[in-house]
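For the single chain, residues carry numbers from 1 onward in sequence order.
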Amino acid sequence: MDSSEFRRRGKEMVDYIADYLEGIERRPVYPDVEPGYLRPLIPTAAPQEPEAYEDIIKDIEKIIMPGVTHWHSPYFFAYFPTASSYPAMLADMLCGAIGCIGFSWAASPACTELETVMMDWLGKMLELPEAFLAGRAGEGGGVIQGSASEATLVALLAARTKVTRQLQAASPELTQAAIMEKLVAYTSDQAHSSVERAGLIGGVKLKAIPSDGNFSMRASALREALEQDKAAGLIPFFVVATLGTTSCCSFDNLLEVGPICNLEGMWLHIDAAYAGSAFICPEFRYLLNGVEFADSFNFNPHKWLLVNFDCSAMWVKKRTDLTGAFKMDPVYLKHSHQDSGLITDYRHWQIPLGRRFRSLKMWFVFRMYGVKGLQAYIRKHVALSHEFESLVRQDPRFEICTEVILGLVCFRLKGSNELNETLLQRINSAKKIHLVPCRLRDKFVLRFAVCSRTVESSHVQLAWEHIRELASSVLRAQKE
């Protein structure tokens, strides 16, 4: 493909993408295929000779689309949103064309410097404390990770290195192995499974703190666990507080947990993967109160802020805590400006060496929507979730299971878990809408998350009518 054909095919692809997104609600939101469906549809090996572009495009609809779960359908209410916008897509095209691997400032100065500035822009939108911003001479700053899972792991590894060095400085006879076997981290029993996974990868004990009646981690439960572990000779070093849990969008009590972490010298990491986007709205900023106690903070613009995956925003108060844990400087990566103090090499902030020019997406989206446009987008989704909540409350057969704060509604039929499992199975088998469940204590609960950029009240209303009809069918079958 030469540049002339690329121009022609590129325009055709933009048209295909626009047509796909404009017509997405006419497609079944969930695919009707069985595991292994794809292999028989394609050859067993790559072609020896080039194939025509037209044939590849035909196979997208024939082979790929039948197996796609359409996350951007206005009838997709599962998981949490995955962001999508035309400005971000255009920026991703440019990112792919530039194709730099931004592991250092010298590898592409604009890639590094735009990221630093965009993270400061976003930090100011959230009203983060000044300590988290790079500015011109700050000690903190932000980095774009691939996911919240990566951010949690990076924070844990940095905290592990920091506490190990502190203990060895005070007691040089302590080996790293002796310290490692005593380290213990903490998180709520409502935290995402990626936190537990970070503990596994990091080789440290992770303890789940029982949450309260609102599914929130509180000071009393954390303090009790700390006292038990210190009495047993363990070394508490790391706490993950979740703002907007995956199951039910509950919020750990930062104003209680934060001071304990500071007093005990434990690294506090905040995971606000979904909810963090809402904090750009003044009416939701209170949910972030207590961030001043944290050492690191993360959320995903690629969930709810119209910046396409992958773009997970992470800030630290002291960037040397990260670079001190991960810094390696082989001669082939060194450059003449790395010690100037004016720039950062992001390879020291993350697990991979290479990185894409992801800040372009932020730059395009922030400029083309503006803060007010992004706020309006968040508020629309929150309003739609409250609309759905109101519909559920009008039907006495159903119950709302947790407070609706942002864009997630947890609900269920009054009755057994088996009844609700059957209802969910009917919903997803019909493929008109897509939901996923959670378990809150001993209850099987349905989650309704407002996700699509194009979702409107009409889609919410249709979804609810569909759920009600299927519920009636399930309840009739139960009586028979």
Side-chain angles (χ1 to χ4, degrees), residues 25 29 71-83 126 190 213-216 242-251 272-289 299-300 303-306 369 371-414 420 423-424 427 432-438 440 443 445-471:
E25 68 178 275
V29 64
W71 281 63
H72 300 297
S73 167
Y75 296 115
F76 182 93
F77 301 105
Y79 310 107
F80 275 135
T82 180
L126 298 166
Q190 298 298 309
N214 293 317
F215 305 100
S216 173
T242 306
L243 301 182
T245 58
T246 301
S247 292
C248 63
C249 200
S250 59
F251 291 79
Y274 162 68
S277 297
F279 303 156
I280 69 169
C281 299
E283 65 269 32
F284 299 123
R285 175 56 178 77
Y286 75 95
L287 295 166
L288 189 55
N289 289 348
F299 86 97
N300 291 342
K303 273 192 168 67
W304 204 14
L305 209 60
L306 295 169
Y369 279 89
V371 176
K372 290 183 178 179
L374 295 171
Q375 289 171 336
Y377 177 70
I378 297 292
R379 287 167 179 151
K380 176 183 175 182
H381 275 201
V382 175
L384 289 173
S385 73
H386 285 297
E387 179 179 345
F388 184 80
E389 176 194 15
S390 176
L391 293 169
V392 175
R393 291 191 185 279
Q394 291 171 30
D395 190 324
R397 301 175 300 173
F398 287 86
E399 60 183 337
I400 297 291
C401 302
T402 58
E403 182 184 3
V404 178
I405 299 175
L406 298 178
L408 175 67
V409 182
C410 291
F411 72 107
R412 69 196 300 274
L413 273 171
K414 294 174 182 176
N420 283 278
L423 174 59
L424 181 66
I427 290 170
K432 290 186 177 180
I433 65 173
H434 187 39
L435 305 181
V436 296
C438 68
L440 298 177
K443 288 186 175 181
V445 174
L446 281 63
R447 297 168 72 264
F448 186 95
V450 179
C451 292
S452 171
R453 176 176 55 83
T454 58
V455 67
E456 300 288 348
S457 173
S458 59
H459 301 112
V460 172
Q461 297 277 346
L462 283 170
W464 173 239
E465 284 305 312
H466 181 57
I467 292 168
R468 288 186 68 218
E469 289 172 8
L470 292 176

Leu440 vs Phe215, test: side-chain contact (heavy atoms from CB on, under 4.5 Å). Steps then yes/no.
CA-CA 9 Å; Leu440 298 177; Phe215 305 100; 3.8 Å; yes
Start with the C-alpha distance between Thr402 and Val445, add both sets of side-chain angles, then the distance that settles side-chain contact (heavy atoms from CB on, under 4.5 Å), and finish with yes or no.
-> CA-CA 10 Å; Thr402 58; Val445 174; over 6 Å; no
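- For Phe411 and Phe388, the distance between ring centers is under 6.0 angstrom.
- With contacts defined as side-chain heavy-atom distances shorter than 4.5 Å, the pair Cys281/Arg379 qualifies.
- Summarising the geometry of Leu374 relative to Leu305, their closest heavy-atom pair is CD2-O, 4.0 Å, with the distance given to 0.1 Å.
- Note on Lys443 versus Glu399: salt bridge recorded, some NZ/NE/NH1/NH2 to OD/OE distance being below 4.0 Å.
- Taking CG of Leu462 as the start and CD1 of Ile433 as the end, the distance is 10.0 Å to the nearest 0.5 Å.
- The ring of Phe448 has its center no closer than 6.0 angstrom to the ring center of Trp464.
- When all heavy atoms of Val409 and Ser385 are compared, the pair lying nearest together is CG2-O, 3.3 Å.
- Looking at Cys438 and Thr246, their side chains never come closer than 4.5 Å, going by heavy atoms from C-beta outward.
- If you take CG on Leu423 and CG on Leu470, they are separated by 6.5 Å, rounding to the nearest 0.5 Å.
- In this model, no donor atom of one side chain and acceptor atom of the other lie less than 3.5 Å apart for Ser216 and Ser250.
- Separation of the Tyr377 and His381 ring centroids falls under the 6.0 Å cut-off.
- If you check the side chains of Glu389 and His386, you find a donor sitting under 3.5 Å from an acceptor.
- For the residue pair Gly276 and Leu126, the shortest heavy atom distance occurs at O-CD2, 3.4 Å.
- More than 12 heavy atoms of other shown residues, nucleotides or ligands fall within 6.0 angstrom of atom NZ in Lys380.
- Cation-pi geometry between Arg447 and Phe80 is met: the NZ or CZ atom falls under 6.0 Å from the ring centre, inside 45° of the normal.
- Taking the side chain as every heavy atom from C-beta outward, Cys401 and Arg412 approach each other to under 4.5 Å.
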ask   = Hey, mind stepping through Ser452 and Thr454 against side-chain hydrogen bond (donor to acceptor under 3.5 Å, both in side chains) and telling me if it holds?
value = CA-CA 5 Å; Ser452 171; Thr454 58; 3.0 Å; yes
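- Counting heavy atoms from C-beta on, the side chains of Val450 and Pro81 never come closer than 4.5 Å.
- Annotation for Val455 and Pro74: closest pair CG2-O, 3.6 Å, computed over non-hydrogen atoms.
- Here NZ of Lys432 is found 12.0 Å from CD1 of Ile427. Values are rounded to the nearest 0.5 Å.
- In this structure, the separation between OH on Tyr75 and CG on Leu435 is 13.5 Å, given to the nearest 0.5 Å.
- Rounding to the nearest 0.5 Å gives a distance of 11.5 Å between CG of Leu413 and CZ of Arg468.
- Side-chain contact between Gln190 and Thr242 is absent, with no heavy atoms from C-beta onward closer than 4.5 Å.
- Separating the SG atom in Cys451 from the NE2 atom in His434 is a distance of 9.5 Å, to the nearest 0.5 Å.
- Under the 30°/60° scheme for interplanar angles, the aromatic rings of Trp304 and Tyr274 are found to lie parallel.
- In this structure, Gln375 contributes its side chain and Ile280 its backbone to a donor-acceptor pair below 3.5 Å.
- Between Val29 and Phe77 there is no side-chain heavy-atom pair separated by less than 4.5 Å.
- When every heavy atom of Phe398 is checked against every heavy atom of Ile467, the shortest pair comes out as CZ-CG2, 4.1 Å.
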Item to complete: Evaluate side-chain contact (heavy atoms from CB on, under 4.5 Å) for Leu306 paired with Arg453, printing each intermediate quantity in order.
Response: CA-CA 8 Å; Leu306 295 169; Arg453 176 176 55 83; 3.7 Å; yes
